[in-house]
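Values below: every heavy atom of this structure, side chains too, minus hydrogens, waters and symmetry copies.
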Amino acid sequence: MPVNAPGVLVAGLRGGSGKTLLSLGLAASFRSRNLIVAPFKKGPDYIDAAWLSLAAGRPCRNLDLFLLPSASLLDSYLDASRGAGLALVEGNRGLFDGMDAAGSFSSAELARLLKIPVLLGVDVTKTTRTAAAQILGCQTLDPGLPLKGVILNRTAGSRHETVLREAIEGICGIPVLGAVPKLPDDLFPERHLGLVPPQESEAAEAMMERVAEVAERYLALEGILEMARKHTQALRPPTGVRVAERPPAPESPGAEPPARPPRIGIFRDAAFQFYYPENLEALREAGGELLEISALEDRNLPQVEALYLGGGFPETLALGLSENGSFMASVRDAAEGGLPIYAECGGAVYLGNRLHFQGKSFPLAGVLPVEYGFQASPRGHGYTVLETIRENPFYPVGETVKGHEFHYTFLASPEVGEGSFAFRVRRGFGFTGRHDGLTRLNVLASYSHVHALGTVGWAPSIIRAAVRFRSSSSL
């Protein structure tokens, strides 16, 4: 008996081929049928994951073979899909697209690791038999890949669909399990980082109803579920100790545990929303008590022993952030008092003096003596590898940190010296193309996002910093 739920990975021939629409439709429609759907997103993507969480009614986990060791990834997958009727994984980019010519860390590689079938969504705009040739190419490139079904996307009519079905099923020998026509409405508007997040959409629930209707009308739902049940293979149960279960190392031998869990403040609002569920879980399991804070609504920073500022959209909500002066002042005062602060991307921008965006200039928290600009194309986009080269509150010198970045903001303060940065960039861009991780006081601000199951010391280091701060504050 397999320990894992039936699963399916929704893939495409390229980015923008409709994977997200298909994945959301499947999650929402199966959920409406009272099937428990465990959602996953391949790759370091927060926004698609947020939509999948909404559609499935459960937290979406990210599965990324660059950021996570395969054993930790499998543990996460099995833990999150236990008891589900379907594990639904949305791929990214094209099926075989990875970080190099060999397709390393691709959606295909993930499907093989998870031993689940691939459902390939194919944008068939202005094509017929050539679509079969593309699918046959995928089958030929990797004969061992369990490519077991196809969904046609953006069909032009019944005749178009019929020709496509005959060509694909006759040439490729796999079933067409749905055909979605060109839809008149743009269900998911985009901006510079991709889809607009559900946290900023007043019509999010209505959009979920719409994608469920699309799936019910145009997809062979029972056939897709049967495909998942028939072709999912058994995975071995986890054999090791999960990273999040490992307690943080004590400050010194025989150190007494704290009287109460240290409070870790988390910025959580429309401006700051990019958090992996595993990161928040790791902080709790390392001994922290999490307190959600709104940089838009709260007037003052509550009592906390550390802050974790995730990414998000401080640029699009800069006016609201800058108008909350009392809150920014309380963050600045706390930082000056030694509060440990770990900030990623948008959180790092918030800690600066000022942000220049679309011809306007917005004052920010002023913890870091830098200004930021915004450009029309990404300044940094992709995986990162950072080497820790200077003392900081969270990483030992010499540690290598893997992460990812996607930002249109950039450092607009050229006078910042190399001595202000904790990391040397081995892969990626960071702040300068050579360095990342601005440090000041007990603050570390990086453009790189990390995953707690891949960067195993991250959560314990924040808890230790919080305990140190509380101890020093009580003296």
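The structure places CG of Leu411 at 6.5 Å from CG of Leu438, a figure rounded to the nearest 0.5 Å. Atom CG of Leu283 sits about 5.5 Å away from atom CD1 of Ile266, to the nearest 0.5 Å. A distance of 11.0 Å separates CZ of Phe394 from OG1 of Thr439, quoted to the nearest 0.5 Å. To the nearest 0.5 Å, the span separating CG on Leu24 from CG on Asp48 amounts to 7.5 Å. Atom NE2 of His451 is separated from atom CD of Glu278 by 3.5 Å, given to the nearest 0.5 angstrom. Separating the CG atom in Leu309 from the CG atom in Leu444 is a distance of 12.0 Å, to the nearest 0.5 Å.
Closest of all the heavy-atom pairs between Leu145 and Arg112 is CD1-CG, 3.9 Å. Among all heavy-atom pairs drawn from Leu441 and Pro393, the shortest one is O-CG, 4.4 Å. Closest of all the heavy-atom pairs between Ala87 and Tyr77 is CB-OH, 3.3 Å. Between Pro340 and Glu305, the shortest heavy-atom contact is CD-O, 3.2 Å. The two residues Leu291 and Pro302 make their nearest non-hydrogen contact at CD2-CG, 3.6 Å. The shortest heavy-atom contact between Gly352 and Leu364 is O-CB, 3.3 Å.
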Verdict with supporting geometry, Asn353 and Val370, side chain to side chain contact (heavy atoms under 4.5 Å, CB included): CA-CA 6 Å; Asn353 274 333; Val370 296; over 6 Å; no
Chi angles and distances behind the side chain to side chain contact (heavy atoms under 4.5 Å, CB included) call for Tyr447, Phe429: CA-CA 9 Å; Tyr447 265 122; Phe429 189 86; over 6 Å; no
Thr20/Ser23 under side chain to side chain contact (heavy atoms under 4.5 Å, CB included): CA gap, chis, key distance, verdict: CA-CA 5 Å; Thr20 299; Ser23 300; 5.7 Å; no
Derivation of the salt bridge (Lys or Arg N to Asp or Glu O under 4.0 Å) call for Arg427 and Glu405: CA-CA 10 Å; Arg427 177 188 175 92; Glu405 62 181 343; over 6 Å; no
Verdict with reasoning, Tyr408 to Phe410, per ring-ring contact (aromatic ring centres under 6.0 Å, His included): CA-CA 7 Å; Tyr408 290 68; Phe410 61 91; over 10 Å; no
Derivation of the side chain to side chain contact (heavy atoms under 4.5 Å, CB included) call for Leu114 and Leu73: CA-CA 9 Å; Leu114 300 179; Leu73 185 150; 4.0 Å; yes
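Side-chain N or O atoms of Ser76 include none that pairs as donor or acceptor with a backbone N or O of Ser72 at under 3.5 Å. Side-chain atoms of Arg390 do not come within 3.5 Å of backbone N or O of Asn392 as any donor-acceptor pair. A donor-acceptor pair is defined here as one N or O able to donate and one able to accept, closer than 3.5 Å; no such pair exists between the side chain of Asp298 and the backbone of Ile293. Although no hydrogens or angles enter the test, the distance criterion places no donor-acceptor pair under 3.5 Å between the side chain of Lys19 and the main chain of Gly91. Between the side chain of Glu109 and the backbone N or O of Phe105 there is at least one donor-acceptor pair closer than 3.5 Å. When atom types are taken as modelled, the side chain of Tyr308 and the backbone of Gly265 share no donor-acceptor pair closer than 3.5 angstrom. The main-chain N or O of Ala452 is never found under 3.5 Å from a side-chain atom of Thr455 such that the two would form a donor-acceptor pair. No donor-acceptor pair closer than 3.5 Å links the side chain of Glu90 to the backbone N or O of Ala11. In terms of modelled atom types and a separation under 3.5 Å, the side chain of Asp97 and the main chain of Leu13 share no donor-acceptor contact. Under a 3.5 Å cut-off, the side chain of Asn4 and the backbone N or O of Leu78 do not form any donor-acceptor pair.
Using modelled atom types and a 3.5 Å distance limit, the side chains of Arg354 and Ser361 yield a donor-acceptor pair. Under the 3.5 Å distance criterion, with hydrogens and angles disregarded, a donor-acceptor pair is assigned to the side chains of Lys42 and Asn92. A donor atom on one side chain and an acceptor atom on the other are found under 3.5 Å apart for Ser104 and Asp100.
Annotation: Trp51 is not in aromatic contact with Tyr46 [ring centroid separation under 6.0 Å not met]. Under the 6.0 Å cut-off for aromatic ring centres, Phe272 and Tyr350 qualify, their centroids lying closer than that. Aromatic pair Phe431/Phe421: centroids less than 6.0 angstrom apart. For Phe357 and Tyr372, the ring centers are positioned 6.0 Å apart or more.
Glu205 and Arg210 are not joined by a salt bridge, as no carboxylate oxygen comes within less than 4.0 angstrom of a charged side-chain nitrogen. A salt bridge does not link Lys360 to Glu315: none of the charged nitrogens lies less than 4.0 Å from a carboxylate oxygen.
A search for salt bridge (charged side-chain N to carboxylate O under 4.0 Å, His left out) contacts involving Arg424 returns Glu387, not counting sequence neighbours.
The number of heavy-atom neighbours closer than 6.0 Å to CZ of Arg434, taken from other residues, nucleotides and ligands shown, is 12 or below.
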When the side chains of residues 378-385 are checked against the rest of the protein, which donor-acceptor pairs come out under 3.5 Å, sequence neighbours left out?
{"from": "Arg379", "atom 1": "NE", "to": "Gln375", "atom 2": "OE1", "distance (Å)": "3.0"}
{"from": "Arg379", "atom 1": "NH2", "to": "Gln375", "atom 2": "OE1", "distance (Å)": "2.7"}
{"from": "Tyr383", "atom 1": "OH", "to": "Asp64", "atom 2": "OD1", "distance (Å)": "3.3"}
{"from": "Tyr383", "atom 1": "OH", "to": "Asp64", "atom 2": "OD2", "distance (Å)": "2.6"}
{"from": "Thr384", "atom 1": "OG1", "to": "Gly403", "atom 2": "N", "distance (Å)": "3.3"}
{"from": "Thr384", "atom 1": "OG1", "to": "Gly403", "atom 2": "O", "distance (Å)": "3.3"}
{"from": "Thr384", "atom 1": "OG1", "to": "His404", "atom 2": "N", "distance (Å)": "3.3"}
{"from": "Thr384", "atom 1": "OG1", "to": "Ser448", "atom 2": "OG", "distance (Å)": "2.6"}

